[in-house]
Amino acid sequence: MALLKYNGEWLQERRGGLIGAILNSVVARNEQGSRVARRGRRFPRNLLKPSFFRWLLLLLAVLFFCVFATFVLKLLSNGNEEEKHLPLSGEVLEQVSSYDAPLTRPKSKRRKQHFPCEVGLAAAVDNILEPKNYMNFTQFSLEYVEREVNPHANSPQSRFGGYQTLNERKKSFLARNQTIRCGFVKGMSRLSSPGFELSENDKAYMNTCRVAVSSCIFGSSDFLRRPTSRLISEFSKKNVCFVMFVDEQTLSKLSSEGHTPDEKGHVGLWKIVVVRNLPYLDMRKTGKVPKFLSHRLFPSSRYSIWLDSKMRLNTDPMLIIEFFLWRMRAEYAISNHYDRHCVWEEMYLKVPLSSELIHQCQTYFRACGSMKLIDLPHVTN
């Protein structure tokens with residue numbers, strides 16, 4: 001307890017704890033010997049209340065939101081201005097203005113959720129039968145160049161597709177007996193390798209495949225999707241090769257995710273085939289090798305099905321072959337694109353075009369409505 005003199009009267013001030021002890025120790029006596037304590041200014045207690053900090057945080061959050069919204073609006077406005085002032089040459093503008101159709105690129109639809117379509121597949125594999133001599137197409141024999149022999153090649157190093165001249169490329173489109181370059185072309189040097197190297201055991205396994213279902217994952221670009229085993233017949237499990245091509249990087253990632261191949265190299269129904277010395281740095285371009293050259297990888301196979309790595313096989317492959325090939329009397333089948341159904345529209349959206357190609361695209365857009373997918377070549381993304 002301390003005695004304070006205020007306006008000539010003695011007042012008692014009750015303080016306890018540490019603050020009271022400190023004040024009692026610093027009191028001073030006045031001239032009459034009385035103990036007087038000098039009272040200092042107190043720090044405003046309102047600033048120490050929790051409500052003050054809550055209001056401060058709220059104010060800072062509002063300020064941050066305002067600054068962020070201003071930045072976003074400015075960024076969007078700059079983008080719109082840039083689109084409005086894209087430079088076009090005078091020749092292109094002159095050519096475009098002469099066309100009847102307006103120069104507007106078709107807008108790509110937003111991706112929607114797509115569900116499997118109804119397909120009249122057979123009830124079971126036991127109910128299907130391969131027809132005889134249904135493929136009434138021109139038959140011819142093809143041989144493939146194994147080693148580069150072109151003396152005019154710019155480099156002695158190997159190139160996966162070889163060094164093909166424009167004249168040789170033009171002749172390769174003719175349906176006749178001939179020898180062409182079709183990947184896996186070794187260089188003129190005996191030590192050169194074209195890339196896409198497989199082990200001898202994997203090559204021996206793929207040479208025995210009569211029906212092949214294949215896919216690939218390179219550069220750890222996707223995760224493994226196994227075929228739905230309960231929907232695959234025992235016949236297909238024994239007679240169809242399910243091959244997944246991967247590189248060493250993808251194999252390491254799959255193993256870390258728990259997809260370790262067994263002693264036969266299988267993960268579920270997939271036979272994991274490791275590819276070494278990839279022919280291209282672009283993983284998407286490397287993925288085109290097993291997609292388009294399945295006849296080189298499976299030389300004894302009569303039928304092959306390519307499955308994108310982003311899809312899961314939920315149907316017996318023999319039922320797919322029966323419906324789309326045997327029943328339709330077709331040589332090959334290609335699925336329809338979910339958004340675009342015209343190859344010219346695909347090219348118009350993805351390829352920088354000259355004024356001449358713009359005119360061709362606008363002309364063929366009108367024909368796309370009456371053209372069927374089977375009449376058009378397939379363009380991949």
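These numbers come from the heavy atoms of this one structure, side chains and all, not from hydrogens, waters or symmetry mates.
Between the OG atom in S304 and the NZ atom in K291 there is a gap of 12.5 Å [rounded to 0.5 Å]. Between the CZ atom of R210 and the OG1 atom of T208 there is a distance of 10.0 Å, given to the nearest 0.5 Å. In this structure, the separation between NZ on K253 and OG on S220 is 5.0 Å, given to the nearest 0.5 Å. Taking OG from S199 and CG from D202, the interatomic distance works out to 3.0 Å, rounded to the nearest 0.5 Å. Distance CG/L293 to CZ/F160: 5.5 Å, rounded to 0.5 Å. Going from atom CG of L307 over to atom CH2 of W270 covers 5.5 Å, rounded to the nearest 0.5 Å.
No more than 12 heavy atoms of other residues, nucleotides or ligands lie within 6.0 Å of CG in L166, so this atom counts as exposed by the packing criterion.
Grouped with I180 in one hydrophobic cluster are F140, L142, Y144, the linkage being side-chain heavy-atom contacts under 4.5 Å among Ile, Leu, Val, Met, Phe, Trp and Tyr residues.
In this structure, the disulfide bond (SG atoms under 2.5 Å apart) partners of C241, at least two apart in sequence or on a different chain, are C209.
Under the 3.5 Å distance criterion, the side-chain polar atoms of S294 are left unmatched by any main-chain donor or acceptor of P290.
Under 3.5 Å, the side chains of E197 and S193 contain a donor-acceptor pair of N or O atoms. Side-chain polar atoms of N207 and S300 form no donor-acceptor pair below 3.5 angstrom.
Screening R284, R312, K310 for a salt bridge (Lys or Arg N to Asp or Glu O under 4.0 Å) involving D222 leaves a single residue, K310.
The shortest side-chain heavy-atom distance between V274 and F245 does not fall under the 4.5 Å cut-off. Considering only heavy atoms from C-beta on, W326 stays 4.5 Å or farther from L129 through its side chain. Side-chain contact between L313 and F242 is present, with heavy atoms from C-beta onward closer than 4.5 Å. Residues T286 and L281 fail the side-chain proximity criterion, which asks for heavy atoms closer than 4.5 Å. Side-chain contact between H266 and I272 is absent, with no heavy atoms from C-beta onward closer than 4.5 Å. The closest side-chain heavy-atom distance from I305 to V211 is not below 4.5 Å. Two residues are said to be in side-chain contact when any heavy atoms from C-beta on lie closer than 4.5 Å; M318 and I128 meet this criterion. Between L198 and V273 there is a side-chain heavy-atom pair separated by less than 4.5 Å.
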Margin query: Run T315 and L231 through side-chain contact (heavy atoms from CB on, under 4.5 Å) and show every step you take.
Written below: CA-CA 6 Å; T315 306; L231 299 178; over 6 Å; no

Margin query: Test salt bridge (charged side-chain N to carboxylate O under 4.0 Å, His left out) on E148 and K186; report intermediate values, then the result.
Written below: CA-CA 6 Å; E148 184 59 63; K186 300 178 182 178; over 6 Å; no

Next item on the list: List the steps, then state whether salt bridge (charged side-chain N to carboxylate O under 4.0 Å, His left out) holds for R181 with E143.
Entry: CA-CA 9 Å; R181 292 172 176 81; E143 299 292 335; over 6 Å; no

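Residue pairs meeting the side-chain hydrogen bond (donor to acceptor under 3.5 Å, both in side chains) criterion with at least one partner in residues 235-244, sequence neighbours excluded, are S229-K237, S233-S236, S236-D316.
Using a 4.0 Å cut-off between charged nitrogen and carboxylate oxygen, R329 and E322 do not count as a salt-bridge pair. The pair R302-E130 meets the salt-bridge criterion, since a charged nitrogen lies less than 4.0 angstrom from a carboxylate oxygen.
In plain terms, the two heavy atoms of G161 and Y280 that are nearest each other are N-OH, 4.3 Å.
By the 6.0 Å and 45° rule, R225 stacks over the aromatic ring of F223. Taking the ring axis of Y205 as reference, the NZ or CZ atom of K271 stays within 45° of it and closer than 6.0 Å to the ring centre. Remark: R159 is positioned above the aromatic ring of Y163, its terminal NZ or CZ atom under 6.0 angstrom from the ring centre and at most 45 degrees off the axis.
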